[in-house]
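Each ligand, and each atom within it, is numbered from 1 in the order the structure gives.
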Amino acid sequence: MSDHQLRVSKIRSGTVIDHVPGGQALRVLAILGIDGTGGETVSVAMNVPSDDMGAKDIVKVEDRELSQAEVDVISLIAPEATINIVRDFDVVEKNRVVRPEQVTGVLQCPNANCITTADEPVRSEFTVLSEGVRCVYCDTLLRDDIAAHID
Ligand code: CTP
Ligand code: ZN
């Protein structure tokens, strides 16, 4: 796409999460804990035509880099996403997300009787499957809206 067709401006510094499946951008923002009240400068494009994906979303968060835990959870809803780190207007790093085999300490099990939600020093741990994520301790399967279960 040439520059005059850009839907949202380039950013000076921060992170561009690109190749997010169409319609998932708000979930990406939820994973990052961004609801607008924190004052971050964020640009979002949704359902932009994409040669390889049909339609894609793009999230640009200025002056912030993502933690590995955040990238791991993003990979669950956006397996093809690329994380671009921008400095002084240049993309200085581009990484495709990798679906981890496990996510530890990031998601909260929805089962109130699970040992990870009891008052015990046990970190949550989920196995990543193609259909969702499964709690290692109680086998509860999370399919949709994984973002709603972020600790
Ligand atoms: N981008 C941005 N601000 C910049 C530089 C890049 O917002 N200063 C955005 C671009 O608009 C694009 C993404 O970051 O959405 C990746 O940029 P770039 O690597 O230049 O684009 P492509 O080569 O098209 O990326 P890919 O090969 O990953 O599709
Ligand atoms: Zn559990």
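Remark: at the Zn ion (ligand 2), atom SG from Cys138 and atom SG from Cys135 enclose 110°, rounded to the nearest 10 degrees.
Side chains of Gln102 and Val136 form a contact here, defined as non-hydrogen atoms less than 4.5 Å apart. Side-chain atoms of Leu107 and Ile150, non-hydrogen and from C-beta on, do get closer than 4.5 Å to each other.
Of the protein's heavy atoms, Val91 CG2, 4.1 Å lies nearest to atom 20 (O) of ligand 1. The single protein non-hydrogen atom nearest to atom 5 (C) of ligand 1 is Phe89 O, 3.6 Å, given as residue, atom name and distance. Looking at atom 3 (N) of ligand 1, its nearest protein heavy atom turns out to be Ile11 N, 2.9 Å. The nearest protein atom to atom 15 (O) of ligand 1, hydrogens excluded, is given as Asp18 OD2, 3.2 Å; this is a heavy-atom distance.
Separating the OG1 atom in Thr15 from the CZ atom in Arg87 is a distance of 9.0 Å, to the nearest 0.5 Å. Note: Lys94 NZ to Ile85 CD1 = 11.5 Å, rounded to the nearest 0.5 Å. The distance from atom OG of Ser75 to atom CD1 of Ile83, rounded to the nearest 0.5 Å, is 9.0 Å. Expressed to the nearest 0.5 Å, how far CG of Leu142 lies from NE2 of His149 amounts to 4.5 Å.
Set against the non-hydrogen atoms of Asn84, the atoms of ligand 1 under 4.0 Å away are 13 (C), 16 (C). Near Val86, with a cut-off below 4.0 Å to any heavy atom, the atoms of ligand 1 are 4 (C), 8 (N).
Not a single N or O atom of Ile58, backbone or side chain, sits closer than 3.5 Å to an N or O atom of ligand 1. By the 3.5 Å distance cut-off applied to N or O atoms, Val16 is not counted among the residues near ligand 1.
Proximity of His19 to ligand 1 is established by a heavy-atom distance of less than 4.0 Å.
Counting protein heavy atoms under 4.0 angstrom from atom 24 (O) of ligand 1 gives zero.
Taking each heavy atom of Gln24 and Val20 in turn, the nearest pair found is CB-CG1, 3.7 Å.
If you check each of Lys10, Lys94, Lys60 against atom 18 (P) of ligand 1, the one with the closest non-hydrogen atom is Lys94.
The neighbour count for Glu101 CD, taken as heavy atoms of other residues, nucleotides or ligands under 6.0 Å away, does not exceed 12.
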